[in-house]
> 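Let me give you the structure first, and then I'll get to my questions.
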Amino acid sequence: MKYITTIDEREFTIEILEEGRLLLDGEEYAVDFESVDGQPVFSLLLNGRSYEAYVYQGDEGLQVLLHGALYLATVEDEREKRLRAAAGGGVVEKGEFHLKAPMPGLVVAVPVSEGSQVAKGDVLVVLESMKMQNELKAPREGTVARLRVRPGDSVEQKQTLLSVV
Amino acid sequence: MKYITTIDEREFTIEILEEGRLLLDGEEYAVDFESVDGQPVFSLLLNGRSYEAYVYQGDEGLQVLLHGALYLATVEDEREKRLRAAAGGGVVEKGEFHLKAPMPGLVVAVPVSEGSQVAKGDVLVVLESMKMQNELKAPREGTVARLRVRPGDSVEQKQTLLSVV
Amino acid sequence: MFSKVLIANRGEIAVRILRACRELGMQTVAVYSEADRQALHVRYADEAYYLGPSPSRESYLRGDKIIALALKSGANAIHPGYGFLAERADFAQACLDAGLAFIGPKPSSIAAMGDKAVARATVTRAGVPVVPGTEGEGALRDDELLALAPKIGFPLLIKATAGGGGKGMREVLAIEEMPGLLHAARREAEASFGDGNVYLEKLVEAARHIEFQILADVQGNVIHLGERECSLQRRHQKLLEESPSPFVGENEELRQRMGAVAVRAAQAVGYLNAGTIEFLADKEGNFYFLEMNTRLQVEHPVTEMVTGVDIVKEQIRIARGRQLHYAQEDIHLNGWAIECRINAEDPYNNFLPSTGRITHILPPTGPGVRVDAGVYPGFEISPYYDSLISKLIVWGETRAEAVLRMRRSLEEYRLVGVHTNIPFHQRLMDSHRFMGGQFDTRFVEERFSLESAEEGREAHPEIAAIMATLVAHETTQRAAQIVRRNERDTSNWKWLSRWERLQR
Amino acid sequence: MFSKVLIANRGEIAVRILRACRELGMQTVAVYSEADRQALHVRYADEAYYLGPSPSRESYLRGDKIIALALKSGANAIHPGYGFLAERADFAQACLDAGLAFIGPKPSSIAAMGDKAVARATVTRAGVPVVPGTEGEGALRDDELLALAPKIGFPLLIKATAGGGGKGMREVLAIEEMPGLLHAARREAEASFGDGNVYLEKLVEAARHIEFQILADVQGNVIHLGERECSLQRRHQKLLEESPSPFVGENEELRQRMGAVAVRAAQAVGYLNAGTIEFLADKEGNFYFLEMNTRLQVEHPVTEMVTGVDIVKEQIRIARGRQLHYAQEDIHLNGWAIECRINAEDPYNNFLPSTGRITHILPPTGPGVRVDAGVYPGFEISPYYDSLISKLIVWGETRAEAVLRMRRSLEEYRLVGVHTNIPFHQRLMDSHRFMGGQFDTRFVEERFSLESAEEGREAHPEIAAIMATLVAHETTQRAAQIVRRNERDTSNWKWLSRWERLQR
């Protein structure tokens, strides 16, 4: 099975062969890969070098936390890659952004209102959780729409608070 | 639900009521009982006193390891208790004893042979495991039968090594 | 003399106090909120009582309920830990009124140190230096401020009396620019807070946060256990503490001078039990009283590691009326200790708190490593309380050894189920300024970023790529297997042995 | 000078050595058997190579393969740990021949101390006392033995030259009974071993096992790090060690005298690196050389806790040719440390080894607690290697504090999946003789039983009964629920989210 895996715009071609071997950009390695205790922690022996990392499923691919550094990886097999290329390529840049509560908490401030123009980095909602006030910011510029919370509201994790269109 | 639980020949009558209450020998207690992490480790709050113990299923009932002391408990509901009483009561004292390997290992000595008369406490088999020589002893007197191993054999856990009849 | 202690707290500090009580042969009583039935402090205590719903104000802040539970359970002392009710003079007084020993200072000391203006005035009278400024002198006119400025010295800060958050604040380097800056500051303060009043305060440049641990007994003995450096902060939250301070270092004369001032500050309020005097220090070695924390600190373990004193046990002994175990001359700082606060938060997402069920922990261990934690595999991190889940403390013969030991400990630490700030600490350990001891209270926020710290490091994108690919590959393969397996067997439960069912 | 170390071992000691290497900035290479692919030392090392099938003789005892892997991986030093190849002079020599540094003594020292008769003769020449006896003098006749007996003194032991296990052994209290006992001993020895030869040895009454940690560098400096008491043993396996020894206690004169003798014994074989001189001591304070362990000991952490010396790091520095960090006068025993060996064995079933998968661990932590372990949740304990899975070490300012801390640590420790001897240690901690420091090498086997130790204690059969009943009750209820749930839903897998599948 052949995969194209992208990290920080750098592409790696990884072909998984049988019997604990793989090709990384054409070079062969002995590979021994196991989950630790069924957890999303994995031990990798690659030509005898020992690595261990957390691998999580994130919203936009897999997150690999290795030696205290985070890598965001997208893994595609050849078919997926071809389909995406045929579709004109590239991630959709525009579209609506739905601000979701990253954790349960209490809304303490909403410094924007419906129709507000916001720039990237502007604070949209201040959410209190674990005794900290957490600023939730706009990931891009746009207009605030469908504002659904106000100060004093308790919100659940992943509840949509507002949209930026 | 009412149970009769025996520990060291001492009987306790325990009736489980609804809503976190139970009767212990007729006295009512508030009870809050939870497994820790789905493990056979349990946290008990009994009228506010906090206890924690391992509870394992053993061959002859439940083993409770509490504050570093081991208790062997047999739990019967009323119906079981009545049935046992009707059957004439008491555990069968005689019958064959099958010596099983308590762990995988290597048989290093078998100081008995088929037909040997053995007393309680006599060594039947010496099994090496974890770099220790472990003496497996007779739990009662009797005659050795169906000897199935000899020095040098590797045995699996729970494999029957011989019987005492 | 008490023998049964109620711990009015939760989390790692409740566990820490429980351990001290147990080692002293005391009976222990825990209290818990709805979210904390399975918390470690409930499991470790001899008794545990339900306090109320999860929000603190309905549980851990309910002093009345806590005192009632102490009386009901027969506890005759209360340890407040830190946070919650620890610095509430009224709660301490209520304990005493109920006939319970309060393991902490007198209510009057808590009150005196709790009011910033009173604290400032009290310690000033005792000859303790405070940051020079005009804060205590009411609303002054521009001409008055201009006259006072040279006495404070430059650089100085103009600050809004009503304000905070930097609004209405101006840094003044010389008297010439002051009139214009005063005007601007007043205008901004007026606009922000509706109050144009400002005061002056000396700007402590490259300020370092250095604090001294105090112990005081009823016999009137007051000693200090040396200093802790707590300059590494983010949003006024300490992240990493060490003892000794790299700033004080081998300057024993400065240490003893600051320690003596700290003792004097504590004596100024007739202090009893454990407390901490916080100072701001500048490059020249000037230091100023900031505030006193009238309680046990989160970071007390670094002091324990270098002095060998068990501070919590000493608190309990003091509260029982015993004389201090130690005289000042018995206290020596041996080696070096560093603490990293491990928080449930995502360092890659603006340090947002992270909640969830912890499924796996492999803590670092071995020589010179101590972990104080209130969590375990299977415990659920809720959004109700602070995000501190563990403290990783290491000791080394030298600071260099301690830093290297902290590095290997952070790399070893596995905790699955919530995000933690461990990667942040790992990058901090790599920072040249940290290694050199060259940092101040603004360092983390102004001169350190996780992203740029990662840039210079040896990176392994190809390893990350391989691991991601293998996980994706196995996920696909497994999903297929699950489908096939299910087609074969629609009665999985039959295959569960009795033992497996028992373990569910 | 080497910078990459291969650790020729497994389990907790391999992890311990890896940590020291990492803190010194060394690259590390692990080796592993089939059973150990997921072992902690494989996970922690920079590199890890497969050695062979699980049995030791096909893996960890394959010195040839290990040396080949060192050369292949570019490691330029080997640390043998303890056990396996650690005291094999031929392996140490083979390392040197292959151009690899051996982190341990010279092969000649290993050989000299490995042969009991040679060791005895060598240290005797250096003026080190050995247990008086006739072992080294060949087969003697009864009249010769009777003539020598008074010089040895009574009580003494007649021992079979060929034997062991108590066969052919007799205790002699006075010369009058000796002829008859000699006759009986020879007859039994002849019957048991086909060899009737016997020798005499002084009976060390109420013997205590006390050992001194030695460090020696290439510059010829030899120091000792004080003593460890290891009298608590079962089947010649140490179970609990402490430093200082309650027997030596505050008798600093005895400590220094024994330490000086230990240094002399090490010097007698030109010793280098870390080693241990074991003594037997009697009630009168006489002490006799028993043997030298020419390697790191399991129980080295208790010495580390009281001296502050990191023995493994010091081993590596010595092997790199560095001078010792410490002179004898720098070494002071501060406080008290105790180690309990946590073995995977069932104390309620004749201490039979216990194998299985560890499903949950909650180790004790907090002030003064160190855990050295080679296991983690999810790891499988196999029958191939020894049963030591963890070492629990505590430090206290006094022995009493250390004992109380050990008690609370043992009670806190949760380890699910295999049986452990933790309950044994808990009962030992309660024993009055242990608390009073009144025990000898026969104590555990002859005067301590788990059952009788439990008799005197506060028991909670009613609590055990309640817990057993609730578990049985829930098991029944759950079993019913599983049946019902399954009837409703024959396609469980559909309910697994993608994330859950990923985690399987």
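The shown structure was predicted, so the numbers you read here are calculated from the model rather than taken from an experiment. Heavy-atom basis, side chains included; hydrogens, waters and symmetry copies ignored. Within every chain, numbering begins at 1; the chains are lettered A, B, ... in the order of the sequence lines, protein sequences first and strands thereafter.
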> Flag the pair D:Leu352 / B:Leu136 as yes when at least one side-chain heavy-atom distance between them is below 4.5 Å, and no otherwise.
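Heavy-atom side-chain distance check passes, below 4.5 Å.
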> Nearest 0.5 angstrom please: B:Gln157 CD to D:Ser354 OG, how far?
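Going from CD on B:Gln157 over to OG on D:Ser354, the span is 8.0 Å.
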> Give, for atom CD of D:Glu345 and atom OG of B:Ser129, the distance between the pair rounded to the nearest 0.5 Å.
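If we round to the nearest 0.5 Å, D:Glu345:CD and B:Ser129:OG are 11.5 Å apart.
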> So which heavy atom on D:Tyr413 is nearest to which on B:Tyr54, and how close?
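Reported closest heavy-atom pair: O-OH, 3.5 Å.
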> Please check: side-chain N/O of B:Tyr51 versus main-chain N/O of D:Met467, any donor-acceptor pairing under 3.5 Å?
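Not confirmed, B:Tyr51 side chain does not pair with D:Met467 backbone.
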> Measure the spacing between CD of D:Glu412 and CD of B:Glu52 and express it to the nearest 0.5 Å.
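Atom-to-atom, D:Glu412:CD and B:Glu52:CD are 10.5 Å apart.
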> Which residues in residues 23-33 of chain B have any heavy atom closer than 4.5 Å to a heavy atom of chain D?
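Residues in range: B:Leu24, B:Val31, B:Phe33.
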> Looking at every heavy atom in both D:Ala468 and B:Val64, which two are closest together, and how far apart are they?
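In this case the closest contact between D:Ala468 and B:Val64 is CB-CG2, 4.0 Å.
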> Return a table of donor-acceptor pairs under 3.5 angstrom between the side chains of residues 114-121 of chain B and protein atoms on other chains or two or more places apart.
residue, atom, partner, partner atom, Å
B:Glu114, OE1, B:Arg146, N, 3.4
B:Glu114, OE2, B:Arg146, N, 3.2
B:Glu114, OE2, B:Leu147, N, 2.7
B:Ser116, OG, B:Ser113, N, 2.8
B:Ser116, OG, B:Ser113, O, 2.8
B:Ser116, OG, B:Ser113, OG, 3.4
B:Gln117, NE2, B:Thr143, OG1, 2.9

> Out of D:Thr355, D:Ile422, D:Leu362, D:Leu388, which one racks up the most heavy-atom pairs below 4.5 Å with chain B?
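Highest number of pairs under 4.5 Å: D:Thr355.
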> Looking only at heavy atoms, what is the nearest atom pair of B:Asn134 and D:Pro353, with distance?
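Nearest pair, atom of B:Asn134 first, then D:Pro353: OD1-CD, 3.1 Å.
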> Using only non-hydrogen atoms and a strict under-4.5 angstrom cutoff, which residues of residues 1-18 of chain B touch chain D?
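Result: B:Met1, B:Tyr3, B:Thr5, B:Ile7, B:Arg10, B:Phe12, B:Ile14, B:Ile16.
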> Is chain B contacted by the side chain of D:Asp386, its backbone, both, or neither, given a heavy-atom distance below 4.5 Å?
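D:Asp386 touches chain B through backbone and side-chain heavy atoms alike.
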> Please classify the contact between D:Glu411 and chain B as side chain, backbone, both or neither, with a heavy-atom cut-off of under 4.5 Å.
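Just its side chain gets close to chain B.
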> When you measure from the side chain of D:Tyr348 to the backbone N and O of B:Leu70, does any donor-acceptor pair fall under 3.5 Å?
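Between the backbone of B:Leu70 and the side chain of D:Tyr348 there is a qualifying donor-acceptor contact (under 3.5 Å).
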> Listed by chain and number, what are the side-chain contact (heavy atoms from CB on, under 4.5 Å) partners of D:Pro55, not counting sequence neighbours?
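In terms of side-chain contact (heavy atoms from CB on, under 4.5 Å), with neighbours along the sequence ignored, D:Pro55 is linked to D:Pro53, D:Arg57, D:Glu58, D:Tyr384.
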> Please report the interatomic distance CD1(D:Ile381) to CE(B:Met130), rounded to the nearest 0.5 Å.
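If I round to the nearest 0.5 Å, the distance is 6.0 Å.
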